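Here, residue 1 is the first one in the sequence, and each next residue gets the next number. What you see is a predicted model, and the numbers here were worked out from it, not measured in a lab.
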Amino acid sequence: MTYIDNSIKSYLKIFIVGIFIGCITRLLDFFSLETLWSFSSIQTALGFWIITNTLIVVFSSSNIAAGVSSFLYMFGMTLSFYGLLPILGIYFPTYADGFRLSLFLMFTIFSNPFEVSAYNLFYWNNDKLYNSILHALPVGALFSETVAVFINLVIHHTFLFQFIMDITGGILFMVFFSKKVKNKRLYFITILISMILFYFALYHREVSTWF
């Protein structure tokens, strides 16, 4: 079943969702990272963005719809995340700097890999052997962050919310995608390999400083 198609109406809905999510993540700034739950961690870690962009691909009708929707979602999120600063600055001195154009542009550019990934991941719908590899990639990425966040949880007693979200999303995607892949053995092997590769590429250096 698809809900996101190549239409202005569909893209507008995704953009509005992105704006809404951006407002939520900005408001989560009021929760400290230095607590057990660390609710504001969803804006600093990749797990939430992997989960939501993967869902965009799952519910898209084409690779173009997936790529464009991912871009509009991330752009809307970034726009409201930084656009809310001037409003909050009226009431909270912490946000008195106002709209930060340089950060807005930087994170808009940094979000490009999500759009490219969404465009290419949609090809997992093809009845080809590589669909097993494509389905495994977001799962492996989520599990790699799960490992890093778990280590952080054990050492610093923070990021419990991020850990629960990552491991839950990883397990649900793993089970759901396992019913769609062409080769289950290749699928699970790719999950393991991609988890290791993503961990050492994205998290190993940071984790090593915690010990």
Side-chain angles (χ1 to χ4, degrees), residues 25 33 38 40-60 63 66-71 73-74 77-78 106-156 158-211:
T25 53
L33 280 174
S38 305
S40 59
S41 63
I42 67 171
Q43 57 181 264
T44 60
L46 292 175
F48 179 74
W49 311 114
I50 294 172
I51 291 171
T52 51
N53 277 278
T54 300
L55 288 174
I56 286 175
V57 181
V58 169
F59 293 115
S60 291
N63 58 327
V68 174
S69 296
S70 177
F71 168 77
Y73 167 70
M74 297 299 290
M77 183 279 302
T78 307
M106 181 178 71
F107 282 103
T108 297
I109 294 172
F110 283 172
S111 69
N112 286 339
F114 284 104
E115 294 99 59
V116 174
S117 297
Y119 179 92
N120 289 293
L121 282 178
F122 185 83
Y123 288 111
W124 64 26
N125 293 296
N126 294 342
D127 188 26
K128 304 288 185 180
L129 191 62
Y130 60 72
N131 89 336
S132 303
I133 297 174
L134 293 177
H135 276 102
L137 294 178
V139 180
L142 279 173
F143 282 151
S144 70
E145 184 171 275
T146 300
V147 173
V149 171
F150 178 73
I151 295 172
N152 183 81
L153 177 62
V154 171
I155 296 176
H156 300 296
T158 57
F159 281 56
L160 176 59
F161 177 71
Q162 188 72 36
F163 171 73
I164 293 174
M165 180 172 56
D166 285 351
I167 195 169
T168 301
I171 291 173
L172 290 177
F173 280 145
M174 182 178 66
V175 174
F176 177 68
F177 290 159
S178 69
K179 301 173 182 178
K180 301 166 68 69
V181 299
K182 190 173 182 66
N183 187 309
K184 284 186 171 57
R185 179 176 296 181
L186 178 60
Y187 170 66
F188 286 109
I189 290 175
T190 304
I191 288 176
L192 178 60
I193 293 174
S194 62
M195 179 181 73
I196 295 171
L197 292 177
F198 280 125
Y199 176 81
F200 280 98
L202 300 174
Y203 305 107
H204 176 67
R205 182 175 297 180
E206 182 178 0
V207 170
S208 64
T209 65
W210 297 343
F211 292 94

Which of parallel (below 30°), tilted (30 to 60°) and perpendicular (above 60°) describes His135 and Trp124?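 Ring orientation of His135 relative to Trp124: parallel.
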Carefully, step by step, assess Leu160 and Leu153 under the rule side chain to side chain contact (heavy atoms under 4.5 Å, CB included). CA-CA 6 Å; Leu160 176 59; Leu153 177 62; 3.9 Å; yes
Main-chain N/O of [Y] paired to [X] side chain as donor or acceptor, under 3.5 Å:
{"X": "Asn63", "Y": "Phe122", "answer": "no"}
{"X": "Asn112", "Y": "Ile109", "answer": "yes"}
{"X": "Ser70", "Y": "Gly67", "answer": "no"}
{"X": "Ser117", "Y": "Phe114", "answer": "no"}

As an exercise, state the distance from [atom1] of [X] to [atom2] of [Y], rounded to the nearest 0.5 Å.
{"X": "Tyr187", "Y": "Leu137", "atom1": "OH", "atom2": "CG", "value": "10.5 Å"}
{"X": "Phe159", "Y": "Met165", "atom1": "CZ", "atom2": "CE", "value": "10.0 Å"}
{"X": "Arg205", "Y": "Thr209", "atom1": "CZ", "atom2": "OG1", "value": "10.5 Å"}
{"X": "Tyr130", "Y": "Asp127", "atom1": "OH", "atom2": "CG", "value": "9.5 Å"}
{"X": "Ser41", "Y": "Asn152", "atom1": "OG", "atom2": "CG", "value": "9.5 Å"}
{"X": "Leu55", "Y": "Ser69", "atom1": "CG", "atom2": "OG", "value": "12.5 Å"}

Using the rule given for side chain to side chain contact (heavy atoms under 4.5 Å, CB included), can you reason through Thr158 versus Leu33, listing the C-alpha separation, both sets of side-chain angles and the distance that settles it, and then say yes or no? CA-CA 7 Å; Thr158 57; Leu33 280 174; over 6 Å; no
Distance-minimising heavy-atom pair for [X] and [Y]:
{"X": "Trp49", "Y": "Thr52", "answer": "O-OG1, 3.3 Å"}
{"X": "Asp166", "Y": "Gly47", "answer": "OD1-CA, 3.3 Å"}
{"X": "Lys182", "Y": "Ser132", "answer": "N-OG, 3.4 Å"}
{"X": "Gly170", "Y": "Leu142", "answer": "N-CD1, 3.7 Å"}
{"X": "Thr54", "Y": "Pro138", "answer": "OG1-CB, 3.5 Å"}

A side-chain contact here means heavy atoms from C-beta on lying under 4.5 Å apart; do [X] and [Y] qualify?
{"X": "Leu134", "Y": "Asn120", "answer": "no"}
{"X": "Phe48", "Y": "Ile51", "answer": "no"}
{"X": "Asn53", "Y": "Ile56", "answer": "yes"}

Ring centroid separation Phe177 to Phe173 under 6.0 Å: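 Yes, close enough.
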CZ of Phe150: more than 12 outside heavy atoms within 6.0 angstrom?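 Check fails, neighbour count at 12 or below.
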Return yes when atom CZ of Phe110 has more than 12 non-hydrogen atoms of other residues, nucleotides or ligands closer than 6.0 Å, and no otherwise.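 12 or below, so no.
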I'd like a table of donor-acceptor pairs (distance under 3.5 Å, sequence neighbours excluded) in which one partner is a side-chain atom from residues 191-204, with atom names and distances.
unit_1	atom_1	unit_2	atom_2	d
Ser194	OG	Thr190	O	2.7
Ser194	OG	Ile191	O	3.1
Tyr203	OH	Glu145	OE1	2.8

Can you check side chain to side chain contact (heavy atoms under 4.5 Å, CB included) on Tyr123 and Lys128, steps first, answer last? CA-CA 9 Å; Tyr123 288 111; Lys128 304 288 185 180; over 6 Å; no
